[in-house]
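A quick write-up on the structure given underneath.
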Protein chains: 2
Amino acid sequence: MKGETRKKMVVGAADLIRRRGVNATSMREVVRHTGTPRGSIGHHFPHGKQQLVEEALLLAHQEVSAPLAELVSRSGTVSGLRAFIEGWRHILQKSDFEAGCPILAVAVEQYIGDDGLPNPLAQQQLLDIARTALEDWQKILCTGLRKDGLPPARARRLATLIISSVEGTVALCRASRSVRPLDDVQTELEALLTSAIKTVQASD
Amino acid sequence: MKGETRKKMVVGAADLIRRRGVNATSMREVVRHTGTPRGSIGHHFPHGKQQLVEEALLLAHQEVSAPLAELVSRSGTVSGLRAFIEGWRHILQKSDFEAGCPILAVAVEQYIGDDGLPNPLAQQQLLDIARTALEDWQKILCTGLRKDGLPPARARRLATLIISSVEGTVALCRASRSVRPLDDVQTELEALLTSAIKTVQASD
DNA sequence: GCTTGACTATGACGCACGGCATATTATAGC
DNA sequence: GCTATAATATGCCGTGCGTCATAGTCAAGC
């Protein structure tokens, strides 16, 4: 199979970044964890760790946005939100609260380059990917809410609130080793959304 | 001055963890950054980096919870929320969006010990501190909301939503190098809170 | 003044890291 | 079958890390 090893490395890197963050994820650990050959790193990823991390982040981005966009356009914003949250709940529980969102990890730590020093340029590139992913998710929810009739500014604010609170609550769940924060946030967000949609549709 | 150097180290560690996370913050960098003597690390922190990080987290915990508790009990929950958010806005802007919440950083990454390997025990201790801090902040808001008349379950859920969304949005702001997410979340949270309080007080 | 204790300075140790070079093996294409 | 190219294996390099040991400094207390 062509590119089999490469893909395993990207997936393994994403999984490790979920659990440990970027800096605590070493290339050696990636190949140990995935059973892939160490010598192939430089072959598949000539730009080194930075490249591997970037592809892992893009993968994590897609794995969320693809089903989210699907569900929002097919079954509505609230259904999309439900699936979005359910996805995170699954990741948390399956990993015994050890895994979270790799995008958030990048936004919270500072990338340490190959020379062992913080690399502002590399960090900026990773941040750009993180920003793009977060904006993409938000945009999906935002357009869904606008289709539900909400005014643009309100839709944007609510979409921001959703992304922020879900990302934040995934971290809370890891700290408390419980899904209760996620449950609470889900309850409030769904109530808020349905109320906002109902209100604006009643005024039509 | 007794304990001057020690305090500078803790403050400097907290500041670096804000910007870089735990793993990207080395003890050598702390002493470089604070102008404190390297040889004093082992003297003031015989348990090493773990101890220094723990004290930095406790400091960050207190620096938030003390004024938050004050304001919530004195001027009400909404005022407390406003100050809470304002504090984060200040940290973001003063650092040009490079600093965030050290508590969140601990919840998102996995601590790498002195042997260069993940140390589950040490990580658990750091997570406990993070959990305690987050629960403390939440409890402050929760009791405030209950004093505003909200039923216990609702108060808890709203407090969780506030902490989650603000922590999450601070990370979003770092990624987008903008305070807009924080502004949007603030708008929605304040509206949600005042609405919830007004509703429950009208039904009295 | 000298001792005692707390604090500071400095270098060494072992380790894991990312990257690279080289050698070896598999897999095409023809 | 042979060759060219992709892929894998493995060891080395330099670096920064956390920790420790040892030596030096400095301020009280008597």
Side-chain angles (χ1 to χ4, degrees), chain A residues 1-10 12-13 16-17 19-56 106 109-123 125-126, chain B residues 1-10 12-13 16-17 19-56 106 109-123 125-126:
Chain A
M1 296 284 182
K2 171 139 166 285
E4 189 72 14
T5 341
R6 214 188 111 96
K7 180 131 203 169
K8 278 212 290 188
M9 286 178 174
V10 176
L16 282 175
I17 295 173
R19 298 167 186 268
R20 305 186 171 182
V22 176
N23 290 316
T25 298
S26 71
M27 315 220 64
R28 285 168 149 92
E29 188 74 23
V30 170
V31 302
R32 270 194 296 266
H33 185 257
T34 57
T36 47
R38 183 166 78 93
S40 305
I41 296 176
H43 184 73
H44 293 299
F45 305 94
H47 294 304
K49 182 176 181 178
Q50 156 111 359
Q51 185 182 3
L52 177 58
V53 172
E54 284 177 2
E55 300 203 15
V106 168
E109 58 183 332
Q110 158 90 238
Y111 178 61
I112 298 296
D114 57 346
D115 50 357
L117 301 172
N119 187 335
L121 205 87
Q123 167 70 5
Q125 292 171 355
L126 296 185
Chain B
M1 295 288 179
K2 172 140 167 286
E4 189 72 13
T5 325
R6 214 187 113 97
K7 182 130 203 170
K8 278 213 289 188
M9 286 177 173
V10 176
L16 281 176
I17 295 172
R19 299 168 185 267
R20 307 187 170 181
V22 175
N23 290 316
T25 298
S26 71
M27 314 220 63
R28 284 167 150 93
E29 188 74 23
V30 169
V31 302
R32 270 193 295 265
H33 185 258
T34 57
T36 47
R38 186 168 75 100
S40 305
I41 296 177
H43 183 73
H44 292 299
F45 305 95
H47 294 306
K49 181 176 182 178
Q50 157 112 0
Q51 184 182 3
L52 178 58
V53 171
E54 284 178 1
E55 300 204 16
V106 168
E109 59 182 334
Q110 158 92 237
Y111 177 61
I112 299 295
D114 56 345
D115 50 358
L117 302 170
N119 187 336
L121 205 86
Q123 168 70 5
Q125 293 171 354
L126 296 186

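Worth saying up front: this structure is predicted, and the values here are computed from it rather than measured. In what follows, every chain begins at residue 1, and chains take the letters A, B, ... in the order their sequences are listed. Every heavy atom of this structure was used, including side-chain atoms; hydrogens, water molecules and symmetry mates were not.
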Are any of [X]'s side-chain N or O atoms less than 4.0 Å away from OP1 or OP2 of [N]?
X	N	value
B/T5	C/dT8	yes
A/H43	D/dA9	no
B/S40	C/dC7	no

(request) Using a 4.0 Å heavy-atom cut-off, write out nucleotides 22-28 of chain D from 5' to 3' as B (base contacted by protein), S (sugar-phosphate only) or - (no contact). (result) -------
(message) Strictly under 4.0 angstrom, non-hydrogen atoms only: write out the protein contact profile of nucleotides 12-28 of chain C, one letter per nucleotide from the 5' end, B, S or -.
(response) B---SBBB---------
(message) Test of understanding: with side chain to side chain contact (heavy atoms under 4.5 Å, CB included), list the residues that count as partners of B/E109, not counting sequence neighbours.
(response)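 For B/E109, the residues satisfying side chain to side chain contact (heavy atoms under 4.5 Å, CB included) (neighbours in sequence not counted) are A/E109, B/V22, B/N23, B/A105.
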(message) For A/T36, run the side-chain contact (heavy atoms from CB on, under 4.5 Å) check against A/M9, A/E4, A/H44, A/K7 and tell me which one passes.
(response)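 In the set A/M9, A/E4, A/H44, A/K7, the residue that makes a side-chain contact (heavy atoms from CB on, under 4.5 Å) with A/T36 is A/M9.
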(request) Check step by step if side chain to side chain contact (heavy atoms under 4.5 Å, CB included) holds for A/Y111 and A/Q125. (result) CA-CA 10 Å; A/Y111 178 61; A/Q125 292 171 355; over 6 Å; no
(request) Could you tell me which residues satisfy salt bridge (Lys or Arg N to Asp or Glu O under 4.0 Å) with A/R38, sequence neighbours excluded, listed by chain and number? (result)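 For A/R38 there are no salt bridge (Lys or Arg N to Asp or Glu O under 4.0 Å) partners, ignoring immediate neighbours.
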(request) Apply salt bridge (Lys or Arg N to Asp or Glu O under 4.0 Å) to B/E55 and list each qualifying residue two or more places apart in sequence or on a separate chain. (result)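 In terms of salt bridge (Lys or Arg N to Asp or Glu O under 4.0 Å), with neighbours along the sequence ignored, B/E55 is linked to B/R6.
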(message) Taking salt bridge (charged side-chain N to carboxylate O under 4.0 Å, His left out) as the cut-off, I'd like each qualifying pair that reaches into residues 20-35 of chain A, sequence neighbours left out, listed once.
(response)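 Qualifying pairs, neighbours excluded: A/R20-A/E29, A/E29-A/R32.
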(message) Could you measure the distance from the NZ atom of A/K49 to the CE atom of A/M27? Nearest 0.5 Å is fine.
(response)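 It is 7.5 Å, given to the nearest 0.5 Å.
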(message) How long is the straight-line distance from CD1 of A/I112 back to OG1 of B/T25, given to the nearest 0.5 Å?
(response)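 The OG1 atom of B/T25 sits 8.0 Å away from the CD1 atom of A/I112.
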(request) May I have the distance from A/M9 (atom CE) to D/dA7 (atom C1'), rounded to whole angstrom? (result)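 Going from CE in A/M9 over to C1' in D/dA7 covers 10 Å.
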